[in-house]
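When a ligand or atom number is given, it counts from 1 through the structure's own listing order. These numbers come from the heavy atoms of this one structure, side chains and all, not from hydrogens, waters or symmetry mates.
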Amino acid sequence: MGKPRHAEIAGAGFAGLTAACALARRGWSVRVHERAEALRTMGAGIYIYENGLRVLEAVGAYDAAVAGAPRAHTREVRDERDRVIAVHRWDVARVFSIVRQNVINALVAAARDAGADIVTGSEAVAADPAGALVLADGRRLAADLVVAADGANSKVRDSLALATRRKPLADGAIRLLLDKTEAERKGDGGVTVEHWSGTRRILYTPCSETDIYIALTMLDADAAGKATPIDQGAWVRSFPHLAALIGRIGERGRYDRFELIKLKRWSAGRVAVIGDAAHALPPNIGQGGGCAMMNALSLAVHLDRHDDLAAALAAWERRERPLTEHTQRISVFLGWPTTWPPVLRRMFFAAAGRSKWLTRQRTRTALHRPTGTRGE
Ligand code: FAD
């Protein structure tokens, strides 16, 4: 038996950890470099749809990831007077709302079980297409495959000048977790509510037996809306009926502006770029993490199918890029109403809820059977 092929991965997020699991399970020796001192992600929730759940199953992380998370079944959209303006039912496929840290913990455990080494406090700064990852401490680590999974601000990607488009979008979000009240613990964990008022939105999502995930979204130009700690007065003025909920937020929350990233190619020589580093998108259909995990698993599958690395990377991109670009287009499109007057927005949501065509476009990614998963 020859020496196993070796991969150096930058970034221990959804993309890097999924790639680590998938490669290690296929016999690769794998080392992941995480810049942070601990394998901790931000305090927030995440929706993971059927496609992402299938990937978690395929890499051995599903049971631990969804433990204690509610299966979401209904999303209500409400206006500034708390009237329901649309109701979406998730009845054709699974979707869970989960505490992010639980998914990361599950992927870390699955990666280690498969034999991957994860090093914290290790920052990558560049990659050499000939096959090396360069660290901030000056070390140059040779590898058969280098994976840039270091997120939207990827230094590794930028060292290869692969980005053709990096567009900050008009809106962003403050995300946080709240402890459930007694009443919330007894409530239906599968119902999420999207409250709109002007260009501001409060997304309320139960995401474990003890946590509620809150996302406040607003225009990036809305200085009072995007301030952290949140400007309680400004938010209560927009949502007087949610004053008690807003009052629970206190000092919590981190603001991130949405952005869109496209690359010339997803690889250069022996370096593959995955996740937000390759294709960040706004979260309007909750598929950034889903695409990151699908493309990470598919990368390992294609490297297994082809002896020649260049041929594997080309086949991988040819296979996965069209769906990722569809997901980016539909996510950007569903963000447009944010800047529209309330009347138009209400009409849009009502029509969107009834449109079979739009529902098909919106759910295409969720219903896709990812490469390397059961029944694909
Ligand atoms: P990241 O999660 O950013 O992970 C990158 C990792 O690399 C981090 O651990 C970071 O510390 C590390 N790192 C960074 N630089 C370096 C370096 N130089 N060297 C070493 N390590 C480095 N997606 C969904 O699927 N469902 C949702 O419901 C959803 N909701 C969202 C809501 C909001 C408001 C936003 C902004 C995004 C949302 N997303 C959602 C998108 C999702 O969060 C991202 O697509 C996903 O986190 C991308 O994973 P990643 O591993 O590519 O990058």
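Side chain to side chain, Tyr204 and Glu184 meet the donor-acceptor criterion of an N or O pair below 3.5 Å. For the 3.5 Å distance criterion, the side chains of Thr363 and Tyr49 fail to qualify, holding no donor opposite an acceptor. One side chain, Glu8 or His6, offers a donor N or O that lies under 3.5 Å from an acceptor on the other. Asp150 and His33 form no side-chain donor-acceptor contact under 3.5 Å, judged by distance and modelled atom types alone. For the residue pair Asn295/His279, the side-chain donor-acceptor check at 3.5 Å is satisfied. At a cut-off of 3.5 Å, with distance as the only test, no side-chain donor of Thr365 or Asn51 sits close to an acceptor on the other residue.
Salt bridge absent: Arg81 and Asp79 never bring a charged side-chain N and a carboxylate O closer than 4.0 Å. A salt bridge is absent between Arg201 and Glu80; no separation between the charged side-chain nitrogens and carboxylate oxygens falls under 4.0 Å. Of the charged side-chain nitrogens involved, at least one lies within less than 4.0 Å of a carboxylate oxygen, so that Arg166 and Glu259 count as a salt-bridged pair.
Where the criterion is an N or O separation shorter than 3.5 Å, residue side chain and backbone included, Ala15 meets it with respect to ligand 1. Remark: ligand 1 and Phe14 share an N or O pair separated by less than 3.5 Å (distance only, no angle test). The shortest N or O to N or O distance between Gly275 and ligand 1 is not under 3.5 Å. Note: no N/O pair closer than 3.5 Å links Arg175 and ligand 1 by distance alone. Below 3.5 Å of separation, one finds an N or O of Glu34 facing an N or O of ligand 1. Backbone and side-chain nitrogen or oxygen atoms of Gly16 are examined, and none is located within less than 3.5 angstrom of a nitrogen or oxygen of ligand 1. Remark: ligand 1 and Gly289 share an N or O pair separated by less than 3.5 Å (distance only, no angle test). For the pair Tyr213 and ligand 1, the shortest N or O to N or O distance does not fall below 3.5 Å. The distance criterion of under 3.5 Å between nitrogen or oxygen atoms is not met by Lys155 with respect to ligand 1.
Using a 30° and 60° split on the angle between ring planes, His302 and His306 fall in the parallel class, below 30°. By the 30° and 60° cut-offs, the orientation of the rings of Phe348 relative to Trp340 is perpendicular. Below 30°, between 30° and 60°, or above 60°: for Phe96 and Tyr62 the angle between ring planes is above 60°, a perpendicular geometry.
Protein heavy atom nearest atom 32 (C) of ligand 1, with residue, atom name and distance: Pro283 CB, 3.5 Å. From the protein, the heavy atom lying nearest to atom 27 (C) of ligand 1 is Ile46 CG1, 3.4 Å. For atom 16 (C) of ligand 1, the closest heavy atom belonging to the protein is Asp150 CB, 3.5 Å. In this structure, atom 1 (P) of ligand 1 lies nearest to the protein heavy atom Gly151 CA, 4.3 Å. Here the heavy atom of the protein found nearest to atom 26 (N) of ligand 1 is Tyr47 O, 2.9 Å. Looking only at protein heavy atoms, the nearest one to atom 22 (C) of ligand 1 is Arg35 CB, 3.6 Å. Among all protein heavy atoms, the one lying closest to atom 52 (O) of ligand 1 is Asp276 N, 2.8 Å. With respect to atom 4 (O) of ligand 1, the closest heavy atom belonging to the protein is Gly13 CA, 3.6 Å.
When heavy-atom distances to ligand 1 are checked against a 4.0 Å cut-off, Ala149 comes that close only through its backbone atoms N, CA, C and O. Here His33 has backbone heavy atoms under 4.0 Å from ligand 1, and that is the only part of it that gets that close. Neither the backbone nor the side chain of Tyr49 comes within contact range of ligand 1; no heavy atom lies under 4.0 Å. For Ala152, no heavy-atom contact with ligand 1 is shorter than 4.0 Å. The part of Arg100 lying near ligand 1 is the side chain, judged by heavy-atom distances below 4.0 Å.
Close approach to Phe258 involves these atoms of ligand 1, each under 4.0 Å from a residue heavy atom: 34 (C). Listed by number with element, the atoms of ligand 1 under 4.0 angstrom from any heavy atom of Ser122 are 20 (C). Remark: ligand 1 atoms within the under-4.0 Å shell around heavy atoms of Ala173 are 34 (C). Residue-ligand proximity, Gln287 to ligand 1, at heavy-atom distances under 4.0 Å covers atoms 24 (C), 25 (O). Near Gly290, with a cut-off below 4.0 Å to any heavy atom, the atoms of ligand 1 are 25 (O).
Looking at Ala124, Gly11, Ala44 and measuring to atom 17 (C) of ligand 1, the nearest heavy atom belongs to Ala124.
The distance from the CG atom of Leu281 to the CD atom of Glu325 is 11.5 Å, given to the nearest 0.5 Å.
Relative to the six-membered ring of Phe14, Arg100 misses at least one condition, a distance below 6.0 Å or an angle of at most 45° to the axis. By the 6.0 Å and 45° rule, Arg200 stacks over the aromatic ring of Trp235.
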task: Would you please test Leu56 and Leu107 for side-chain contact (heavy atoms from CB on, under 4.5 Å) and show each step?
output: CA-CA 8 Å; Leu56 290 170; Leu107 286 169; 3.8 Å; yes

